[in-house]
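A short worksheet on the structure shown next.
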Amino acid sequence: MHPLSPALHGAKSLVVVIAGLSWSTLSRVGFGWFAAMVTALALGATVLAVVSWYNTGYHVVGRELRVYEGLLWRRTRAIPLERLQAVEVVRPLLAQLTGLAELRLEVVGGGKTEAPLAYLGVAEAAALRQRLLALAGTGAAPGPRAATPAAAGPGVGHGASPVPPGRALHDVANRDLLVSQLLTPQAFLLPFGVAFVAAQFLSEGSWSFIAVASTLTAMAGVLLQPVRRVLDDWNFRLARDEGTLRIRNGLLETRAQTVPLNRVQTVGVTWPLLWRAKGWLRLRLEVAGYAAGEPDDRNRPDRLLPVGDAATGERIVAEVLPGVRLSGLATSLPPTRARWLRPLSRRAVGAGLDERVFAARSGLVARQLTVVPYARIQSVRVTQGPAQRRLRLATVHADTAGGAGAAAHDRDLAEAWWLAAELTARAQAARHLHR
């Protein structure tokens with residue numbers, strides 16, 4: 001790893017240490033002893049980080065990435081590159097300030113992101129990513145050394161952020177991103193939330209550290225979600241490079257992600273209520289092979305378009321699913337008797353079979369459309385609840401390797417069995433065609 005890696009890990013540990021030592025500790029031992037405790041713990045964490053850095057490394061052997069770590073208990077992880085789905089270059093704020101980057105690997109069947117290599121130089125990280133993806137995709141034998149930094153493309157230098165190569169598809173305007181987050185229920189409720197927290201604080205009449213910290217924490221909880229979305233999707237750029245999508249986004253933490261098009265399971269379209277006046281929508285992906293158990297959902301490459309108009313959405317969907325016209329997907333409503341189960345939302349749900357995809361829509365306030373290519377359907381299920389059995393209704397699920405899939409809710413029972421058989425037949429034909 002890069003020699004500055006222990007400093008970055010030590011800085012993280014210092015923040016944790018200071019947060020762990022409470023205000024009561026400072027008041028009991030005094031500032032001098034408190035500073036000594038913080039210094040001692042920070043030095044200890046830095047020493048451990050240096051020892052860990054000295055005993056951590058990686059090696060590409062054939063078509064296998066091996067990661068070595070540990071001093072007393074040595075651990076070697078061998079990752080077959082044929083199972084590799086993507087390699088992301090992630091740059092947290094401290095890494096951006098020091099010209100470093102972190103490499104995260106997504107592997108088929110992994111419970112979480114594998115073997116994060118933290119930290120490497122930006123040029124080295126970009127070159128290693130190119131090499132690993134080339135080995136995973138082509139099966140060619142590796143050369144005697146990694147690709148040179150120049151192979152990573154223009155704009156990748158010691159202090160530069162990686163730029164998506166390939167053909168540019170769309171750049172989201174930061175102004176639209178800000179406006180889209182202002183047109184959300186959370187943004188409309190922000191003034192009320194801040195006023196409530198402030199009123200609670202003032203009514204207590206306490207200016208103690210605990211009272212101030214609790215108030216700031218509560219306000220942060222109110223403000224965090226829309227602010228985090230803006231920071232995560234800042235400077236969002238989408239490009240296509242042969243059979244992959246290249247996504248770059250982020251302000252405080254930049255991310256350069258690669259999404260193989262042959263791993264895309266579904267495309268989800270959402271029309272939030274307050275966005276409809278501007279004709280905006282949001283696109284998301286369901287990608288097979290990515291860690292569903294990852295605690296931080298930002299690690300999942302599900303963003304396809306944070307905000308955009310209908311024409312942009314139509315064009316991007318056509319890139320991901322060739323031959324599919326978003327505006328041409330027709331869906332039919334459930335039978336009239338389904339209103340007993342959905343008195344308000346019956347007309348908001350529907351399903352339909354297109355030439356290449358299965359489409360299902362739902363959502364009363366925020367309209368949603370899920371598009372599943374037939375070749376990605378892994379299984380088809382027909383389910384009935386007690387109320388559905390009395391009304392002779394059923395729900396048809398088209399499951400995918402990504403986990404979510406799509407569902408046609410509350411269809412007539414005979415139609416549900418016909419739809420299940422048709423989906424099964426079309427899925428088998430599509431998989432046979434793609435062999």
Side-chain angles (χ1 to χ4, degrees), residues 1-2 4-19 45 49 86-106 112-113 116-126 129 155-164 170-182 184 186-187 190 194 213 216-239 246-259 282 284 290-291 294-307:
M1 302 296 106
H2 194 279
L4 286 178
S5 299
L8 269 67
H9 290 298
K12 292 181 180 179
S13 302
L14 180 60
V15 173
V16 174
V17 166
I18 295 177
V87 184
E88 277 82 41
V89 178
V90 182
R91 302 191 67 200
L93 181 59
L94 286 177
Q96 294 183 56
L97 296 176
T98 52
L100 301 182
E102 176 182 345
L103 231 62
R104 297 180 184 175
L105 282 65
E106 292 289 350
K112 61 179 181 178
T113 301
L117 301 178
Y119 293 87
L120 305 171
V122 175
E124 181 185 359
R129 183 176 94 166
V156 180
H158 179 71
S161 298
V163 176
H170 186 66
D171 293 352
V172 175
N174 292 327
R175 180 187 60 186
D176 291 346
L177 188 63
L178 288 169
V179 173
S180 70
Q181 290 308 306
L182 292 175
T184 59
Q186 295 90 341
L190 274 179
V194 172
L216 293 177
T217 302
M219 285 189 175
V222 173
L223 297 168
L224 183 60
Q225 187 173 5
V227 172
R228 177 178 171 179
R229 286 178 178 172
V230 171
L231 295 177
D232 286 348
D233 292 328
W234 194 260
N235 286 334
F236 187 95
R237 303 185 219 171
L238 179 66
R246 307 278 184 166
I247 300 172
R248 184 192 179 277
N249 59 292
L251 179 60
L252 298 182
E253 178 179 281
T254 62
R255 308 177 68 87
Q257 296 179 323
T258 303
V259 180
R282 177 171 60 238
R284 289 190 176 271
Y290 282 82
E294 194 70 43
D296 187 356
D297 61 357
R298 290 181 294 176
N299 291 343
R300 306 195 67 190
D302 59 351
R303 292 174 177 85
L304 182 58
L305 180 66
V307 58

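- L93 contributes atom CG, which lies 9.5 Å from atom OG1 of T98 (distance to the nearest 0.5 angstrom).
- Looking only at distances, a side-chain donor or acceptor of Q96 sits under 3.5 Å from a matching main-chain atom of L252.
- Minimum heavy-atom separation, G121 to H2: N-CD2, 4.1 Å.
- Nearest approach of R246 to T258, heavy atoms of both residues: NH1-OG1, 3.3 Å.
- Taking every heavy atom of both residues into account, Y119 and S5 meet most closely at N-OG, 3.0 Å.
- In this structure a side-chain-to-backbone donor-acceptor pair under 3.5 Å is missing from R91 to R255.
- T254 and R248 get closest at one heavy-atom pair: CG2-NH2, 3.6 Å.
- Closest approach of V87 to R129, counting heavy atoms only: O-CD, 2.9 Å.
- For the atom pair E88 CD and L105 CG, the distance stands at 8.5 Å (nearest 0.5 Å).
- Taken from CG in L8 to CE in M1, the straight-line distance is 13.0 Å, to the nearest 0.5 Å.
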- Chi angles and distances behind the side-chain contact (heavy atoms from CB on, under 4.5 Å) call for V89, L103: CA-CA 5 Å; V89 178; L103 231 62; 3.7 Å; yes
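- Checked by atom type and distance alone, the side chain of N174 never pairs as donor or acceptor with a backbone atom of W234 at under 3.5 Å.
- Between R303 and D232, some side-chain heavy-atom pair lies under the 4.5 Å cut-off.
- Looking only at side-chain heavy atoms (C-beta outward), L100 and V122 stay at 4.5 Å or farther from each other.
- No side-chain donor-acceptor contact under 3.5 Å links E124 to the backbone of A101.
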- Task: Begin from the C-alpha positions of L305 and L238 and carry the test side-chain contact (heavy atoms from CB on, under 4.5 Å) through to its verdict.
- Result: CA-CA 8 Å; L305 180 66; L238 179 66; 6.0 Å; no
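- In this structure, R237 CZ and N249 CG are separated by 10.5 Å, a value rounded to the nearest 0.5 Å.
- Here the shortest heavy-atom pairing between L177 and P306 reads CD1-CB, 4.1 Å.
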